[in-house]
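What you see is a predicted model; the values in this text were computed from it and never measured. By convention in this document, chain letters (A, B, ...) are assigned in the order of the sequence lines, proteins followed by strands, and residues within each chain are numbered from 1. FYI, side chains are in, hydrogens and waters are out, and symmetry mates aren't considered; it's all heavy atoms of this structure.
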There are 2 protein chains.
Amino acid sequence: MEPTDTEKRILQAATLVFERDGFLGARMQVIADEACISKASLHYYFRTKEKLFDRIFDDYTASIVPLLSTWEDGTDEWQEKVRHFVKGLMRVFSESSLLFMAQELHRDPKKLEPRMAKRRTGPNAFILYYERLRAKGLVRDTDPRPLLVAMQSICAYPSMNPKMLAGSLRMNNKEYTAFITSYADDAADLLIRMMQK
Amino acid sequence: MEPTDTEKRILQAATLVFERDGFLGARMQVIADEACISKASLHYYFRTKEKLFDRIFDDYTASIVPLLSTWEDGTDEWQEKVRHFVKGLMRVFSESSLLFMAQELHRDPKKLEPRMAKRRTGPNAFILYYERLRAKGLVRDTDPRPLLVAMQSICAYPSMNPKMLAGSLRMNNKEYTAFITSYADDAADLLIRMMQK
DNA sequence: AGTGATGCTGACCAAATAGTCAAACAGGAT
DNA sequence: ATCCTGTTTGACTATTTGGTCAGCATCACT
């Protein structure tokens, strides 16, 4: 099922518009214009707005999955794994609008369920990894769940609600973007501090 | 300008509907039904949807301001201040939908500017407080800005994107709500760990 | 009772917009 | 040339929805 050139253009245009305007704010006509085709053509490729949206939403969730393999055992020290995961997660979140995902997840919570079902076979990969480190006495002896929440929060929120944070830091958009780039390293260090003995 | 009973009912109904459905998803008819008045009456009190929305948005931002006084000097130890601030912030965020605020801030970034202008007179209160502690050698010698970002992230994100976190933790809604209650204390401890020497 | 002000409403309108459809078009195979 | 298949479009429809308006109800005051 190789996507045709037109289909690719549609997906690119739709991603742009959905991220900017949300599902409810997005207009099929605008997406069609952005893809340089007619609205009728757009409906020829994707029968409904909902179907087009689902396709894009699926691509999003898929982009996060590869990062989970970070927590598989390997030769790296756990500090290195944390740095790698934080860096990867922040890159994914800065590239694709997480606010958009949360928004649509709130609008229709059922969207995540089929996707979660696959992974729900066992506990979260980070939780398992931390428990192993904990058993070996390599990290602080504490419940890893608040750590997981803090880690995701620290990685996700800065790209999700930049306006409010930029306001708190008294920065304009440009300054904030620059700050967030260096923040990735700081965030990893803070998380390591939370975990070490 | 004492708000009448009807006006109060409208604001309550509008808050409910705006939080649940967002600005674009909210329907004036639904808000009117929820307030048990006609749609025409609703427009009698608030001429446009935008004006009604602004009123509610203003009430939100106002509810966060009192917390900022936490960082004024006082007799409390800094650890106590952190615990107090985190607890307060998480309560505010759990009571009112932060996702809704971020969403609308993204839709119309100009919303925050007039409100920010008031506070923009000086640096952020936490930053100032931390710098004073740092000068006295009471906390870790580090840039407080990543700490501020991490603090806000840790407090805000769990109530902003509960579905995704609940998924990661393999919890249902009820379990997650219970978890978040106890998380407030853990979050404060984690933040204290980030700041202490 | 009369009068004016305020609160409230049903009926209506104009604009926006997702989705449809018949017809045109392009390109390859026969 | 003819046919067939997949692609593209302009024109159209049905519905939703924010907002308006003329008029009704209620109450205070004279």
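- Considering only the side chain of Y45(A), dT8(D) comes nearest among dT8(D), dT9(C), dG18(D).
- Within the structure, a side-chain polar atom (N or O) of S41(A) is placed less than 4.0 Å from OP1 or OP2 of dT9(D).
- The side-chain tip of R107(B) points at the ring of F23(B) from less than 6.0 angstrom away and within 45° of straight on.
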Under 3.5 Å, which protein N or O atoms sit close to an N or O of nucleotides 23-28 of chain C? Give each pair with its distance.
none

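- Taking atom CD on Q29(B) and atom C1' on dG10(C), their separation rounds to 11 Å, with Å as the unit.
- For T48(B), whose side chain is taken as the heavy atoms from C-beta onward, the closest listed nucleotide among dG19(D), dG19(C), dT7(D) is dG19(D).
- For the pair K49(A) NZ and dT17(C) P, the interatomic distance rounds to 9 Å; values are reported in whole Å.
- Regarding contacts with the backbone of dT16(D), every side-chain N or O of R27(B) stays at 4.0 angstrom or more from both OP1 and OP2.
- The shortest distance between the side-chain N/O atoms of Y44(B) and the OP1/OP2 oxygens of dT20(D) is not below 4.0 Å.
- Of the candidates dG19(D), dA18(C), dC8(C), the closest approach to any side-chain atom of H43(A) belongs to dA18(C).
- The interatomic distance linking D21(A) (CG) with dT17(C) (C1') rounds to 14 Å, in whole Å.
- Evaluation of the side-chain contact (heavy atoms from CB on, under 4.5 Å) rule for A184(B) yields M90(B) as partners, not counting sequence neighbours.
- Under a 4.0 Å N-O distance rule, the pair R9(A)/D5(A) qualifies as a salt bridge.
- Between the NZ atom of K51(B) and the P atom of dG18(D) there is a distance of 16 Å, given to the nearest Å.
- Taking only side-chain nitrogens and oxygens, T6(A) never comes nearer than 4.0 Å to OP1 or OP2 of dT7(D).
- Rounding to whole angstrom units, CZ of residue F46(A) and C1' of dT7(D) are separated by 15 Å.
- Applying the side-chain contact (heavy atoms from CB on, under 4.5 Å) rule to T181(B) yields no partners; only residues at least two apart in sequence or on another chain are considered.
- The residue among L42(B) and R47(A) whose nearest nucleotide of DNA chain C is located toward the 5' end is L42(B).
- Taking a cutoff of 4.0 Å between a charged side-chain nitrogen and a carboxylate oxygen, E7(A) and R55(A) qualify as a salt bridge.
- For E7(A) and dT8(D), the CD to C1' distance is 15 Å, given to the nearest whole Å.
- The 5' end of DNA chain C is approached more closely, in terms of each residue's nearest nucleotide, by I37(B) than by the other of I37(B) and L24(A).
- Going from atom CE of M28(B) over to atom C1' of dC13(C) covers 17 Å, rounded to whole Å.
- Figure legend: cation-pi geometry between R47(B) and F53(B) absent, as NZ or CZ is not positioned both under 6.0 Å from the six-membered ring centre and within 45° of its axis.
- No option in F57(A), Y60(A), F93(A) other than Y60(A) meets the ring-ring contact (aromatic ring centres under 6.0 Å, His included) test with F100(A).
- Among the atoms of the strands shown, only primed sugar atoms or phosphate atoms (P, OP1, OP2) are found under 4.0 Å from some heavy atom of A26(B).
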